[in-house]
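In this chain, numbering begins with 1 at the start of the sequence shown. Keep in mind that what you see is a predicted model, and the values were worked out from it rather than measured.
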Amino acid sequence: MPSIVTYKYIKQNPDIMEYIRRADKALEALGYTEHSFPHVERVAHTSAYILETLGYDERTVELARIASIMHDIGNVINRVDHAQSGAVMAFRLLDNLSMPADEICSIISAIGNHDEGTGQPLDAISAAMIIGDKTDVRRSRVRNHDLLTFDIHDRVNYAVENSKVVFNDSKTSIILELQIDTEISSVLEYFEIFMERMLLCRRASKFLGVQFEMIINGSKIL
């Protein structure tokens, strides 16, 4: 029997929306960049774009969207091990919605493996979501408006004036294109905090059968 659980259904579920809001509030209290609806919806958009472009079926794309919008809910418990706690939370929420076990497995595997410290791409859904999550760097994620008190994460995110994920014409490479104001943060600083994430994106892209490339200020970096 087809599942009634869709991305639209999840977005209209008040309990799940509250977990997303409260998880972001917890990170805000800790001084982290924005992890609320703009972030999780962007991750959902990017992961869906990747899978659609590579020809995956509609339900796989939909599961990637669902996993993406729920991927950070574990932060409501603690930032440490939030991927694993979020996966357990998602299991209970989706099981209560009578979602089929095979679909729940796909979603909680993606959520539990999205953190660069412990995560690995296990299937197409987790691979696409990893790329969507780790490539979301942009000025609007910075909450701190006092440039004098910026830490390195604030500086790097604030320096990114434009960010997009695209495929090359032959669909053999996923490309992260960034425009960085190097007067605010250097390219080296970007890699100082994002190198591990970019390497995870490379592994995720390889799992999907494509290359991962980066173009920063018009120059190919990876």
Can you tell me if [X] uses its side chain to pair, donor with acceptor, with the backbone of [Y] under 3.5 Å?
{"X": "Asn157", "Y": "Arg139", "result": "no"}
{"X": "Asp115", "Y": "Gly119", "result": "no"}
{"X": "Asp81", "Y": "Gln84", "result": "no"}
{"X": "His35", "Y": "Thr33", "result": "yes"}
{"X": "Glu34", "Y": "His39", "result": "yes"}
{"X": "Glu189", "Y": "Val156", "result": "no"}
{"X": "Asp154", "Y": "Val142", "result": "no"}
{"X": "Thr182", "Y": "Ser185", "result": "no"}
{"X": "Ser109", "Y": "Ser106", "result": "no"}

Could you grab the distance from atom [atom1] of [X] to atom [atom2] of [Y], nearest 0.5 Å is fine?
{"X": "Leu178", "Y": "Asn162", "atom1": "CG", "atom2": "CG", "answer": "8.5 Å"}
{"X": "Leu176", "Y": "Ile216", "atom1": "CG", "atom2": "CD1", "answer": "7.5 Å"}
{"X": "Arg42", "Y": "Asp136", "atom1": "CZ", "atom2": "CG", "answer": "5.0 Å"}
{"X": "Ser163", "Y": "Glu177", "atom1": "OG", "atom2": "CD", "answer": "9.5 Å"}
{"X": "Ile125", "Y": "Ile66", "atom1": "CD1", "atom2": "CD1", "answer": "9.0 Å"}
{"X": "Arg65", "Y": "Thr60", "atom1": "CZ", "atom2": "OG1", "answer": "11.5 Å"}

Query raised in the report: What do the steps show when you test Met70 against Ile16 for side-chain contact (heavy atoms from CB on, under 4.5 Å), and what is the final call?
Result: CA-CA 8 Å; Met70 297 180 71; Ile16 295 174; 4.1 Å; yes
Starting from [Y], can I reach [X] by hopping between I/L/V/M/F/W/Y residues whose side chains sit under 4.5 Å apart?
{"X": "Ile77", "Y": "Ile20", "value": "yes"}
{"X": "Met17", "Y": "Ile107", "value": "yes"}
{"X": "Phe212", "Y": "Val187", "value": "yes"}
{"X": "Val137", "Y": "Leu188", "value": "no"}
{"X": "Ile180", "Y": "Ile152", "value": "yes"}

Exceeds 12 heavy-atom contacts within 6.0 angstrom, atom [atom1] of [X]:
{"X": "Tyr19", "atom1": "OH", "value": "no"}
{"X": "Gln179", "atom1": "CD", "value": "yes"}
{"X": "Arg22", "atom1": "CZ", "value": "no"}

Query raised in the report: Under the side-chain contact (heavy atoms from CB on, under 4.5 Å) criterion, do Glu52 and Glu58 qualify, and how do the steps go?
Result: CA-CA 8 Å; Glu52 285 172 344; Glu58 185 177 331; over 6 Å; no
Query raised in the report: How far apart are the C-alpha atoms of Leu122 and Ser126, what are their side-chain angles, what is the distance that settles it, and do they pass the side-chain contact (heavy atoms from CB on, under 4.5 Å) test?
Result: CA-CA 6 Å; Leu122 302 179; Ser126 60; 3.9 Å; yes
Query raised in the report: Tracing side-chain links under 4.5 Å among I, L, V, M, F, W and Y, which residues wind up in one group with Val43?
Result: Met129
Considering only distance and modelled atom types, tabulate donor-acceptor pairs under 3.5 Å from the side chains of residues 196-210, sequence neighbours left out.
residue: Arg197; atom: NE; partner: Glu116; partner atom: OE2; Å: 3.2
residue: Arg203; atom: NE; partner: Gln120; partner atom: OE1; Å: 3.2
residue: Ser205; atom: OG; partner: Cys201; partner atom: O; Å: 2.9

May I have the list of side-chain donor-acceptor pairs in residues 89-100 shorter than 3.5 Å, sequence neighbours left out?
residue: Asn96; atom: ND2; partner: Arg92; partner atom: O; Å: 3.4

Query raised in the report: Do you know the tightest heavy-atom contact between Ala87 and Ile111?
Result: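 That closest heavy-atom pairing would be N-CG2, 3.5 Å.
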Report task. Could you check Lys11 against Glu41 for salt bridge (charged side-chain N to carboxylate O under 4.0 Å, His left out), going step by step and ending with a plain yes or no? Result -> CA-CA 10 Å; Lys11 288 185 69 175; Glu41 289 174 358; 3.4 Å; yes
Requested in this report: Could you check Val166 against Tyr49 for side-chain contact (heavy atoms from CB on, under 4.5 Å), going step by step and ending with a plain yes or no?
Outcome: CA-CA 9 Å; Val166 296; Tyr49 161 70; 4.2 Å; yes
Requested in this report: Enumerate the residue pairs fulfilling ring-ring contact (aromatic ring centres under 6.0 Å, His included) with a member in residues 116-141, sequence neighbours excluded, ordered by first and then second residue.
Outcome: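 Listed once each, the pairs would be none.
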Query raised in the report: Among pairs that include at least one residue of residues 180-202, which meet ring-ring contact (aromatic ring centres under 6.0 Å, His included), considering only residues two or more places apart or in two chains?
Result: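 Qualifying pairs: Tyr190-Phe194.
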Query raised in the report: Excluding sequence neighbours, so at least two apart, what forms salt bridge (Lys or Arg N to Asp or Glu O under 4.0 Å) with Arg59?
Result: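 For Arg59 the salt bridge (Lys or Arg N to Asp or Glu O under 4.0 Å) partners, ignoring immediate neighbours, are Glu103.
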Query raised in the report: Under 4.0 Å between a Lys/Arg side-chain N and an Asp/Glu carboxylate O for Arg143 and Asp24?
Result: yes
Report yes if some heavy atom in the side chain of [X] is under 4.5 Å from a heavy atom in the side chain of [Y]; otherwise report no.
{"X": "His145", "Y": "Phe150", "answer": "no"}
{"X": "Asp181", "Y": "Tyr158", "answer": "no"}
{"X": "Arg21", "Y": "Phe37", "answer": "yes"}
{"X": "Val165", "Y": "Ile175", "answer": "no"}
{"X": "Leu63", "Y": "Tyr7", "answer": "no"}
{"X": "Ile174", "Y": "Ile131", "answer": "yes"}

Query - Name of the residue among Asn75, Ile73, Leu27 meeting side chain to side chain contact (heavy atoms under 4.5 Å, CB included) with His82 - result: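 The passing option is Asn75.
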**Report entry** Side-chain donor-acceptor contact under 3.5 Å, Asn144 with Thr149
**Finding:** yes
